[in-house]
Enquirer: 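I have a structure I would like to understand better, so I am pasting it below and will then ask my questions one at a time.
FYI, side chains are in, hydrogens and waters are out, and symmetry mates aren't considered; it's all heavy atoms of this structure.
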Amino acid sequence: MTREVNPNASQTHRITLFPSPEPVTVLQQLEKRGFKVPYQCREGYCGACRMVLMKGSVDYVQDPLAWCGDSEILACSCIVVVDATVTFKV
């Protein structure tokens, strides 16, 4: 029996993302995979899309204004530079 995972179940997700030829944010990549990641701004100032960067590298398309701790990123305003694994809750 094949069991499908609901990407929007309230749980912690660990996903690996890859660099894209066009500037696609981490948030946009996750949305394309069917995840409904919380966000409010897409401008880097509210912090609702904060997640943990487990490995890899991202670059910000604009400097975030919301506070980020060590190893945290704002998915709405960064792009993947080196294959990146992130964890987040939805």
Enquirer: With sequence neighbours left out, which residue pairs that include part of residues 64-81 fulfil the salt bridge (Lys or Arg N to Asp or Glu O under 4.0 Å) condition?
Expert: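 Checked against salt bridge (Lys or Arg N to Asp or Glu O under 4.0 Å) - neighbours excluded - the pairs reaching residues 64-81 are Arg50-Glu72.
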
Enquirer: Please name the pair of heavy atoms, one in Val90 and one in Val37, separated by the smallest distance, quoted to 0.1 Å.
Expert: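 Minimum heavy-atom separation between Val90 and Val37: CG1-CA, 3.9 Å.
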
Enquirer: Rounded at 0.5 Å granularity, tell me how far CE in Met51 sits from CG in Leu27.
Expert: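 Rounded to the nearest 0.5 Å, the CE-CG separation comes out at 7.0 Å.
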
Enquirer: Check step by step if side-chain hydrogen bond (donor to acceptor under 3.5 Å, both in side chains) holds for Thr16 and Thr85.
Expert: CA-CA 4 Å; Thr16 299; Thr85 301; 2.9 Å; yes

Enquirer: Please round to the nearest 0.5 Å and tell me the distance separating atom CG of Leu53 and atom CD1 of Ile73.
Expert: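 The CD1 atom of Ile73 is 5.5 Å from CG of Leu53, to the nearest 0.5 Å.
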
Enquirer: Can you name the nearest heavy-atom pair linking Leu74 to Tyr60, along with the distance?
Expert: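 Here Leu74 and Tyr60 meet closest at N-OH, 3.0 Å.
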
Enquirer: CG of Asp83 to CG of Leu17: how many Å apart, nearest 0.5 Å?
Expert: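 Answer for the CG-CG pair, Asp83 versus Leu17, is 9.0 Å.
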
Enquirer: Short question: side chain of Ser20, backbone of Pro23 - any donor-acceptor pair under 3.5 Å?
Expert: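 Not a single qualifying donor-acceptor pair exists.
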
Enquirer: Would you find a donor on one side and an acceptor on the other, under 3.5 Å apart, between the side chain of Gln29 and the backbone of Phe18?
Expert: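 Such a contact is found between Gln29 side chain and Phe18 backbone.
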
Enquirer: side-chain contact (heavy atoms from CB on, under 4.5 Å) with Ser57: which residues, sequence neighbours excluded?
Expert: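 Ser57 satisfies side-chain contact (heavy atoms from CB on, under 4.5 Å) with Val81, Val82 once adjacent residues are dropped.
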
Enquirer: Looking only at heavy atoms, what is the nearest atom pair of Tyr39 and Ala48, with distance?
Expert: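 Shortest heavy-atom separation between Tyr39 and Ala48 comes out as CA-CB, 3.9 Å.
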
Enquirer: Please report the closest heavy-atom contact between Cys76 and Arg42, naming both atoms and the distance.
Expert: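 That would be CB-CA, 3.6 Å.
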
Enquirer: When the ring planes of Phe35 and His13 are compared, do they come out parallel, tilted or perpendicular, using 30° and 60° as the limits?
Expert: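 Geometry flag for His13 against Phe35: perpendicular rings.
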
Enquirer: Do Ile15 and Val26 sit in the same hydrophobic cluster, where Ile, Leu, Val, Met, Phe, Trp and Tyr count as joined when their side-chain heavy atoms come under 4.5 Å apart?
Expert: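 Yes, it is one cluster - the side chains of Ile15 and Val26 are joined through contacts under 4.5 Å.
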
Enquirer: Considering only heavy atoms from C-beta outward, does the side chain of Ile79 approach that of Val24 to under 4.5 Å?
Expert: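 No. Closest side-chain heavy atoms not under 4.5 Å.
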
Enquirer: When you measure from the side chain of Gln62 to the backbone N and O of Ser77, does any donor-acceptor pair fall under 3.5 Å?
Expert: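 Judged by distance alone, no pair lies under 3.5 Å.
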
